[in-house]
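Attaching a single structure in structure tokens format; questions to follow.
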Amino acid sequence: MLYGRGLRTLSVLTAATWAVALGLVFFYAPLEAEQGFLQKIFYVHVPLAIVSLCGFVLGGLFAIAHLRTRESRWDMRSYVAIHMSLILGVGVLITGSIWAKGSWGHWWVWDEPTLVSYLIVFLLYATYQPLRFSIEDPERRARYASVFAVTAGAFVPMNFLAVRLSSAYLHPRVLGGTSNLPGSMALTFGVSLVAVGLLFATLCKYEMTAKHARGQLRALRRRRTDELQRAGRFGF
Amino acid sequence: MPALPLHEAGRYVAGAYIVVFALVLIYVAIMAIRLSRMERQMQELLERSERPERPAQTPAEPLDVGRPDATRADATRAEATRPEATRPEATRPEATRPEATRPEATRA
């Protein structure tokens, strides 16, 4: 299986969508009445948050596929989805803090449920990699990581719903019943969401291609060493 | 809360977008380092597969020539005068034959 197939097309598509999204954000979308120019942060912050949470859930779904089939490729996909979501998560936390500083005058507010809940999810997933790499046996590692990914993946939507139900008026809502985005803003937001989604897909594909190539190289080296040992010579 | 003036809000907005691009850039840089390491390993593997391997554990042929510059020529001559059945290449596979008796070595 070649993971690199279609990577160039996907990369070009991602770059083009980002260019369109940035053009819409800065030249098309109107200024918001209350927050003014500062609201432009939402076009990158909210899509990052949505995509990263979806990535965590996707990691859980891939983990279920791994537990059902025991095929290592599903474990790799689960790992890559969670790994990329964590990277996007760093972006969410930093851009959110920047917005909070501009809007509320504080970098972080501990009594804001949306912020704290996202931080909890992020910290939960931050333990995924230490857990994964503390187990040496590859099969056990994949199995334990999958169980973690499924459990944490189920926690994400529950956490999201609980926070949304409990704090309808605290955190600004971009989507849902309380949102009244005008068409131009909704279009810009939609394109930004697609751009971040494509970025996530591209980075996942890059990571999987690199991992697959590294695995193949390792197998090649092992095979060569075995051949040399069989022929009674020194290997590496 | 009133909206921040453009010159002040602009810093925050620029900061947020720069952070996102910096994250992607750092990721791409890490991937580039990994890729160059992989390329180096691949090159190493290719070089090893092309290079003829030295025999291991096989004892070297005893050569009764003292002068280093005459070693190969004398060894070839001595090999030519040896009876065919006792020649090492007749009993040993090509891959494990010592370097001095290989055709490319005698040419050099």
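Per chain, numbering begins at 1; letters A, B, ... match sequence-line order.
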**Item:** Portion of Leu88(A) that has a non-hydrogen atom of chain B nearer than 4.5 angstrom
**Value:** neither
**Asked** After noting the C-alpha distance and the side-chain angles of Glu44(B) and Arg221(A), does the key distance pass the side chain to side chain contact (heavy atoms under 4.5 Å, CB included) rule?
**Response** CA-CA 10 Å; Glu44(B) 210 178 288; Arg221(A) 289 180 74 160; 4.2 Å; yes
**Request:** For Phe27(A), look at atom CZ and say whether over 12 heavy atoms of other residues, nucleotides or ligands are found less than 6.0 Å away.
**Result:** no
**Message:** Looking only at heavy atoms and a cut-off of under 4.5 Å, which of Ile26(B), Val13(B), Val19(B) has the most pairs with chain A?
**Reply:** Val13(B)
**Message:** I need the minimum non-hydrogen distance between Val24(B) and Leu199(A), along with the two atoms involved.
**Reply:** CG2-CD2, 3.8 Å
**Message:** Taking every non-hydrogen pair under 4.5 Å, which of Thr95(A), Val25(A), Ile41(A) racks up the most with chain B?
**Reply:** Ile41(A)
**From CG (Leu45(B)) to CG (Leu220(A)), nearest 0.5 Å** = 5.0 Å
**Distance (rounded to the nearest 0.5 Å) between His83(A) NE2 and Tyr27(B) OH** = 5.5 Å
**Request:** Check whether Glu207(A) gets within reach of chain B through its side chain, its backbone, both or neither, counting any heavy atom under 4.5 Å.
**Result:** both
**Prompt:** Looking at Ile98(A), Val92(A), Leu48(A), which has the largest count of heavy-atom pairs under 4.5 Å with chain B?
**Reply:** Ile98(A)
**Request:** Look at the side chain of Arg214(A) and the backbone N and O of Arg34(B), then say whether any donor-acceptor pair between them is shorter than 3.5 Å.
**Result:** no
**Message:** Is Ile94(A) in contact with chain B via its backbone, its side chain, both, or neither, using a 4.5 Å heavy-atom distance?
**Reply:** side chain
**Request:** May I ask you to check whether over 12 heavy atoms, not counting those of Gln129(A), lie within 6.0 Å of atom CD?
**Result:** yes
**Request:** Flag the one option from Phe26(A), Tyr206(A), Tyr43(A) with the top tally of heavy-atom pairs under 4.5 Å to chain B.
**Result:** Phe26(A)
**From Leu203(A) atom CG to Met31(B) atom CE, the distance as rounded to the nearest 0.5 Å** = 8.5 Å
**Message:** Minimum heavy-atom separation for Met38(B) and Ala213(A), please, with both atom names.
**Reply:** CE-CB, 3.7 Å
